Amino acid sequence: MRFAPTAEQSDLRAVVRDLVRELCPPAVVRAAPDSAEVATLRAGLIELGAPGLLVPEAAGGLGLDENYLVGMMIETGWAAVPLPVVDTFAFAPGVLAVADLTGDRFCGADPDARGTVHYGHNVDLVLTGGFAGTGTIQVTAASGGASVAAVDPAADLLRVTAGPVLATVDDPEVVATAWLRGVLGAAAQLIGLCRRMLDLTVAYVAARKQFGVPIGSFQAVKHHLATALLALEFAEPAVARAGYALAAGEPDRARAVSTAKALASDAAATVARAAIQCHGAIAYTTEYDLHLYAKRAWALAAEWGSAGWHRAAVARELLSTERES
Amino acid sequence: MDLTWSDTEQDFRAEARAWLTEHVPAEPLPSGDTRAGFAAHLGWERELFAAGWSVVSWPVTYGGRGASLWEWLIFEEEYYRAGAPQRVTQNGIFLLAPTLFDFGTDEQRDTLLPRMAAAEDLWCQGWSEPGAGSDLAGIRSRAVRDDAAGGWRLTGQKTWTTRGAFCTHLFGLFRTDPDAERHHGLTYFLVPLDTEGVTVRGFERLDGDEGFAEVFFENAFVPDNAVLGGVHEGWKVAMATTGSERGLTLRSPGRFLQAADRLVELARRKGATGGLADRVADVWMRAQAYQLFTLAQVTDIVDGRSVGARSSLNKVYWSELDIDLHETALELLGPAGQEDGPWSRGFLFSLAGPIYAGTNEIQRNIIAERVLGLPRR
């Protein structure tokens with residue numbers, strides 16, 4: 001028993017952390033999707049081998065498992081990387097492998113077939129279907145589309161124009177695993193986003209003075225942030241456990257992933273709200289950076305099954321009469 | 001990342017499970033917070049001790065079996081899973097004993113620990129006073145040096161002393177330096193309750209059991225070897241046990257996993273749907289999260305990193321989870337939940353969680369200041 005990342009898992013996470021801290025400061029989150037900064041970030045992630053993280057070495061990937069994915073997703077979440085990292089590094093690899101489409105392409109996932117993808121100008125392939133781990137996933141070539149206004153300014157939400165179909169994947173196990181990896185990736189990104197929002201807020205309330213003292217010395221502010229930290233600290237191990245369950249192929253992996261996403265989404269809502277409240281008016285402007293992370297968190301909390309969706313899934317399983325006691 | 005148990009650990013679990021299955025009383029014992037129930041629980045405690053299960057993590061010389069932290073967690077899981085009785089000896093075993101291991105003399109350890117393990121000496125905690133609750137450093141009970149007799153004379157009052165009316169000994173803080181203020185000049189004393197000048201009065205808790213006591217000291221004499229740790233160093237010594245009380249030792253995840261599983265069974269029986277089913281799932285997931293957080297924490301401890309102020313995270317989380325869990329059960333039960341029973345008793349008990357061992361308001365201050373690093377003032 002050892003519930004902590006291995007040295008190798010920590011090392012990979014540190015490499016990702018260094019990369020995104022260098023290449024993805026807030027200015028890059030704010031940059032246009034076709035800017036040179038975003039292109040450099042994208043190239044850096046490809047050079048790191050991120051698209052091939054979950055691809056077997058024989059197929060040219062890194063051959064790593066979901067334990068590594070968690071660390072990578074926490075760090076890219078912390079930086080709010082404005083690229084479809086969950087779609088590309090978590091959801092797509094298994095699907096592309098069976099379709100023989102593995103490569104350094106960025107993918108836009110549309111699991112519930114709404115007709116939209118995020119970071120649309122940086123998407124080479126569109127993967128449609130697979131919500132709840134059922135049905136088929138269709139892979140099409142991206143062929144542009146119409147921008148859709150979204151709360152998250154970096155979302156680059158695109159209503160996609162149907163492109164040529166490259167593959168339709170219907171292997172139930174591949175579809176189920178792809179979905180669970182996507183959910184896990186989103187949950188891990190939420191952990192990173194929570195940490196970033198708390199980091200920003202702790203620094204702000206320690207520096208900001210009212211009544212002659214830092215506002216972080218007031219008990220009301222302390223309690224808000226302690227409550228936010230609690231939500232984060234107890235969601236994080238559930239996310240690590242879900243990664244382990246997927247990597248080890250444990251029978252309860254779907255429930256572990258739902259638990260992770262529900263707790264991480266709830267934590268994101270709690271942390272975002274506390275962060276905004278503790279900042280005060282400065283949080284209610286797009287000139288300050290907090291909104292970049294809060295809006296990303298709200299989007300990820302709503303996608304890949306919301307907290308309520310996953311809670312209901314866990315409830316169904318726990319309360320089903322077929323369950324052994 | 002490795003969430004599998006070793007063969008040794010699995011054998012340990014199997015042995016614990018087999019013994020508990022055979023020995024846990026079929027009928028629940030009466031509440032250990034009543035005089036009759038306490039006596040019944042002592043019988044159970046001595047049975048545990050005789051089989052070597054009363055203090056599994058202690059060294060064998062003191063009555064334990066030298067179990068690792070992991071094995072201790074396994075034992076706790078099995079203990080709650082088996083529905084075994086509450087541990088009426090827990091304040092000695094889980095709060096005083098870690099302090100004795102860290103600060104006691106060889107003589108204190110050799111005399112006190114085996115008797116504690118065997119449930120012969122029964123220890124209660126003397127921290128709070130009428131004027132010192134959350135503000136524990138406001139303690140006014142005092143100990144005055146008696147050089148002629150070679151010891152100390154205790155005067156003052158302790159209160160909220162759990163099971164004080166049934167215990168034989170008290171560990172508590174007394175002011176030894178009258179000129180020192182706040183957390184300076186306090187000393188940690190070990191006091192037999194049959195000492196002349198000590199009076200104990202039990203009183204009812206919220207649930208109607210005589211689980212509380214106030215303890216009065218009137219010039220009660222204790223010898224020098226009743227001091228645990230250094231004279232005037234009681235605060236430092238005491239903080240070591242409040243760390244235990246908040247964190248790992250008193251509230252093992254097994255307790256909440258078992259309660260969450262019982263809640264799921266209740267919800268299935270009641271055919272819970274919709275919002276109530278969601279609340280059941282939420283509580284169940286949080287119980288899992290508490291276990292996972294603890295596993296990560298034990299990994300840290302095994303790796304040599306200290307838990308420190310992070311034990312306040314445990315305390316707030318489990319205590320609030322415990323209330324939500326019982327509120328959900330009572331909602332499932334409807335008016336029947338207001339009858340005396342395990343869920344209603346558990347609910348009343350859960351309400352104490354955010355108060356004892358430092359209120360959750362104090363814990364949130366600690367989390368903000370010592371984990372997040374916010375300014376004290």
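Naming convention: chains lettered A, B, ... in sequence-line order (proteins, then strands); numbering from 1 in each chain. Just so it is clear, the structure is predicted and the values come from calculations on it, not from any experiment.
Looking only at heavy-atom pairs under 4.5 Å with chain B, the residue among A226(A), A203(A), P214(A) that has the most is A226(A). Here A4(A) is the residue among A238(A), A4(A), A247(A), S258(A) with the most heavy-atom pairs under 4.5 Å with chain B. If you tally non-hydrogen atom pairs under 4.5 Å between each of T273(B), D282(B), L292(B), N360(B) and chain A, the highest count goes to L292(B).
Only the side chain of L263(A) comes within contact range of chain B, judged by heavy atoms closer than 4.5 Å. Neither the backbone nor the side chain of D300(B) has a heavy atom closer than 4.5 Å to any heavy atom of chain A. Contact annotation for E233(A): both backbone and side-chain heavy atoms come within less than 4.5 Å of a heavy atom of chain B. Contact annotation for R310(B): only side-chain heavy atoms (C-beta onward) come within less than 4.5 Å of a heavy atom of chain A. For A240(A), the parts sitting under 4.5 Å from any heavy atom of chain B are the backbone and the side chain alike. Within the 4.5 angstrom heavy-atom criterion, only side-chain atoms of A262(A), from C-beta onward, approach chain B. Using a 4.5 Å cut-off between heavy atoms, V371(B) contacts chain A through its side chain alone, with no backbone atom that close. Interface remark: T4(B) contributes backbone and side-chain atoms alike to the contact with chain A (heavy atom separation under 4.5 Å). Contact of E361(B) with chain A is made through backbone and side chain together, with heavy-atom distances under 4.5 Å.
For the pair R65(B) and W53(B), the cation-pi test (distance below 6.0 Å, angle within 45°) is passed.
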ring-ring contact (aromatic ring centres under 6.0 Å, His included) evaluation trace for F293(B) with W318(B): CA-CA 11 Å; F293(B) 185 86; W318(B) 67 248; over 10 Å; no

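Checked against the 6.0 Å centroid criterion, the rings of W70(B) and F75(B) do not qualify as a close aromatic pair. For W179(A) and W304(A), the ring centers are positioned less than 6.0 Å apart.
Between D252(A) and R241(A) there is a salt bridge, with a side-chain nitrogen of the basic residue lying less than 4.0 Å from a carboxylate oxygen of the acidic one. Contact check on D303(B) versus R2(A) returns a salt bridge, with a Lys/Arg side-chain nitrogen under 4.0 Å from an Asp/Glu carboxylate oxygen. Between R255(B) and E78(B) there is no salt bridge, since no side-chain N of the basic residue sits under 4.0 Å from a carboxylate O of the acidic one.
Partner S134(B) forms a side-chain contact (heavy atoms from CB on, under 4.5 Å) with one of I355(B), I362(B), N365(B) and no other, that one being I362(B).
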